[in-house]
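Remember, predicted model here, so these are calculated numbers, not experimental data. Index from 1, following the sequence.
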Amino acid sequence: MAKRKLRVYAWGDNTGVGHYRIHSPAKWIKKLGLADVRTSDFRWTEENDKVLFPSMDELNDIGNWADIIVFQRNDMIQHIATFVGMAEHFNIPVVLETDDNIDAVRPYNPGYRGYHPGSEALTWGNLVSKKVNAITVTTQNLFDVHQKDKPGSVYILPNSLDMKWRTKTPKKKYKGNKIHMGWLGSAAHYENLKIIEEPVIEIMRKHKNVVFHMMKMYGESVWPDSKTKGIVSRIKRHDWVTLKKWPAFVASVGLDIGLAPAADNKFNRAKSNLRYLEYSVNKTAVIGSPTACYADIKGINAKEPHEWYDAMDKLILDKKLRGELAEESHKDLVENFSMEKNAHMWVDAYKDILKKFKAEHGEKKYFSI
């Protein structure tokens with residue numbers, strides 16, 4: 001009799017984190033036939049943002065079916081209690097998936113409203129990492145952070161992109177000699193964007209053919225009109241788009257140079273290289289901070305304002321170098337950060353977790369209601 005495949009139940013929310021860390025891996029695990037996977041629902045944040053939590057009947061069915069349960073960190077007591085309780089009830093391993101250092105969220109980050117010293121979310125977030133059987137993370141830094149909670153049971157699963165979805169829309173090509181440079185991302189990067197404010201303004205005053213793209217959500221808080229006289233018409237501020245439309249949006253901007261600043265602090269040292277990867281999809285030359293998340297990019301590192309200025313100046317003037325770095329970063333993405341190639345890493349980790357769990361706790365239990 002053929003041995004059946006590993007059965008994984010994965011719960012994730014409707015955000016980008018849920019997509020990258022739960023639903024995209026699950027899609028490719030199923031597509032490649034590496035395991036049987038069930039997930040929570042996913043609506044691309046375009047409908048009701050709240051994922052429906054399984055009913056008691058559904059939880060019982062999940063527990064009887066699954067070999068392992070994985071859930072995205074959301075630090076709600078009812079979710080934590082349910083999943084940790086299922087580990088005890090069905091005698092199966094439960095895995096926490098986390099991609100941020102919640103102890104180091106910065107005051108400039110909108111997430112600080114939930115994750116600040118003494119907050120309920122931070123209290124439960126620190127407790128759950130000790131109660132689960134294993135933890136999966138995005139980076140070596142987060143691996144080191146959580147080793148104290150689960151020594152020997154922390155696994156690095158690098159953020160990886162679904163290349164088939166990401167490359168559906170071709171990158172926009174502009175006519176003329178304009179250089180399109182920019183930063184594209186969410187509302188959590190005020191502190192990072194301030195790093196490049198002065199050097200970008202300076203470089204645009206020197207190079208009249210540079211157009212800079214950024215997100216409109218920052219408004220006057222980053223590069224106000226009072227600082228950008230004479231160049232404001234070349235700063236294009238874009239509306240936010242939904243997750244489902246994000247790849248097409250990035251391609252439509254058509255960046256020649258993508259900037260990835262990251263202030264050197266505990267929170268950013270735990271972040272992944274996702275911005276670099278998103279630029280690299282469309283063969284964009286990248287300049288990034290030497291902070292851990294971007295230290296190994298196939299691009300140029302810049303820390304001090306004059307280094308950012310020099311790096312931008314170099315790429316603006318050297319079309320050949322821009323092309324070479326764009327090709328190198330795209331190759332790095334395809335070879336090392338493709339979800340299709342890396343899906344097996346998730347399954348390998350789950351199998352190892354299950355093997356260790358069974359050696360210590362024995363076989364799973366079944367229940368009917």
Determine, using the 4.5 Å side-chain heavy-atom cutoff (strictly less than), whether W183 and W240 are members of one ILVMFWY cluster. yes

What orientation do F249 and H238 show, parallel under 30°, tilted 30 to 60°, or perpendicular over 60°? perpendicular

Can you tell me how far CG of L255 sits from CE of M181, rounded to the nearest 0.5 angstrom? 9.5 Å

Presence of salt bridge, E328 and K331, under 4.0 angstrom: no

Mind listing the closest non-hydrogen atom pair of R234 and H207 along with its distance? NH1-O, 3.2 Å

Output side-chain donor-acceptor pairs under 3.5 Å for residues 288-297, partner residues at least two apart or in another chain, one line each.
residue: S289; atom: OG; partner: A262; partner atom: N; Å: 2.8
residue: S289; atom: OG; partner: A262; partner atom: O; Å: 3.4
residue: T291; atom: OG1; partner: A262; partner atom: O; Å: 2.8

Test: E278 and R166 ion pair at under 4.0 Å: yes

Start with the C-alpha distance between E198 and K227, add both sets of side-chain angles, then the distance that settles salt bridge (Lys or Arg N to Asp or Glu O under 4.0 Å), and finish with yes or no. CA-CA 9 Å; E198 295 299 335; K227 286 187 175 183; 3.4 Å; yes

Backbone N or O of Y276 within a donor-acceptor pair of the N273 side chain at under 3.5 Å? no

Connected via hydrophobic side-chain network under 4.5 Å: M163 and V286: yes

Parallel, tilted or perpendicular, as decided by the 30° and 60° cut-offs, for the rings of W11 and H79: perpendicular

Taking the six-membered ring for Trp, are Y112 and H116 parallel (under 30°), tilted (30 to 60°) or perpendicular (over 60°)? tilted

Side chains of D99 and V17 in contact at under 4.5 Å (non-hydrogen atoms): yes

Quick one: are M312 and I287 in side-chain contact, heavy atoms under 4.5 Å? yes

So which of T136, T98, D13 actually passes side chain to side chain donor-acceptor pair (under 3.5 Å) with Q72? D13

Kindly work out whether a path of hydrophobic side-chain contacts (I/L/V/M/F/W/Y, heavy atoms less than 4.5 Å apart) joins V70 to I29. yes

Given the rule that I, L, V, M, F, W and Y join up when any side-chain heavy atoms are under 4.5 Å apart, are M86 and V37 in one cluster? no

Would you say N268's side chain and D264's backbone share a donor-acceptor pair under 3.5 angstrom? no

Salt bridge (Lys or Arg N to Asp or Glu O under 4.0 Å) between R269 and D144, worked out: CA-CA 11 Å; R269 286 174 212 141; D144 296 338; over 6 Å; no

Within this structure, what is the NZ-NZ distance for the pair K150 and K131, rounded to the nearest 0.5 Å? 8.5 Å

Let's go through L96 and F71 carefully: what are the C-alpha distance in whole Å and the side-chain angles of both, what is the deciding distance for side-chain contact (heavy atoms from CB on, under 4.5 Å) to 0.1 Å, and is it a yes or a no? CA-CA 5 Å; L96 173 69; F71 70 102; 4.0 Å; yes

Any donor and acceptor pair, going by atom type alone, linking the side chain of N126 with main-chain N or O of L122 inside 3.5 Å? yes

Salt bridge (Lys or Arg N to Asp or Glu O under 4.0 Å) between D352 and K356, worked out: CA-CA 6 Å; D352 192 58; K356 289 177 180 177; 3.4 Å; yes

If we ignore angles and hydrogens, is there a donor and acceptor under 3.5 Å between the side chains of D100 and Y115? no

With ring pair (Phe, Tyr, Trp, His ring centres under 6.0 Å) as the test, would you mind laying out the steps for H19 and W246 before giving the verdict? CA-CA 12 Å; H19 164 72; W246 183 254; over 10 Å; no

Before accepting this row, confirm whether a basic side-chain N of the pair K130/D149 lies closer than 4.0 Å to the acidic partner's carboxylate O. yes

CZ of R113: more than 12 outside heavy atoms within 6.0 angstrom? no

For N177 and N209, indicate whether the former's side chain and the latter's backbone hold a donor-acceptor pair under 3.5 Å. no

Check the pair F53, S40 against side-chain contact (heavy atoms from CB on, under 4.5 Å), reporting the backbone distance first and the verdict last. CA-CA 8 Å; F53 199 69; S40 51; over 6 Å; no

Name the orientation class of the two ring planes belonging to F367 and F90 (parallel below 30°, tilted from 30 to 60°, perpendicular beyond 60°). perpendicular

Check step by step if side-chain contact (heavy atoms from CB on, under 4.5 Å) holds for L259 and W308. CA-CA 9 Å; L259 306 185; W308 279 97; 4.0 Å; yes

Can you give me the closest heavy-atom contact between D67 and P93, atom names plus distance? O-CD, 3.4 Å

Would the number of heavy atoms belonging to other residues, nucleotides or ligands and lying under 6.0 Å from CZ of F143 be above 12? yes

State, with a plain yes or no, whether a side-chain heavy atom of V250 is found less than 4.5 Å away from one of V281. no

Heavy-atom side-chain contact between V145 and K266 under 4.5 Å: no

Report the C-alpha distance between K164 and K31 in whole Å, list the side-chain angles of each, state the deciding distance to 0.1 Å, and finish with yes or no for side-chain contact (heavy atoms from CB on, under 4.5 Å). CA-CA 12 Å; K164 292 189 183 297; K31 194 167 187 175; 4.2 Å; yes

Could you please spell out the steps behind the salt bridge (Lys or Arg N to Asp or Glu O under 4.0 Å) verdict for E197 and K194? CA-CA 5 Å; E197 182 179 86; K194 294 304 276 189; 3.0 Å; yes

Nearest 0.5 Å please: distance from the CG atom of N14 over to the CD1 atom of I22. 12.5 Å

Going hydrophobic residue to hydrophobic residue with side-chain gaps under 4.5 angstrom, can you get from L184 over to Y218? yes

Is the backbone N or O of L157 less than 3.5 Å from a side-chain atom of R21, with the two atoms forming a donor-acceptor pair by type? yes

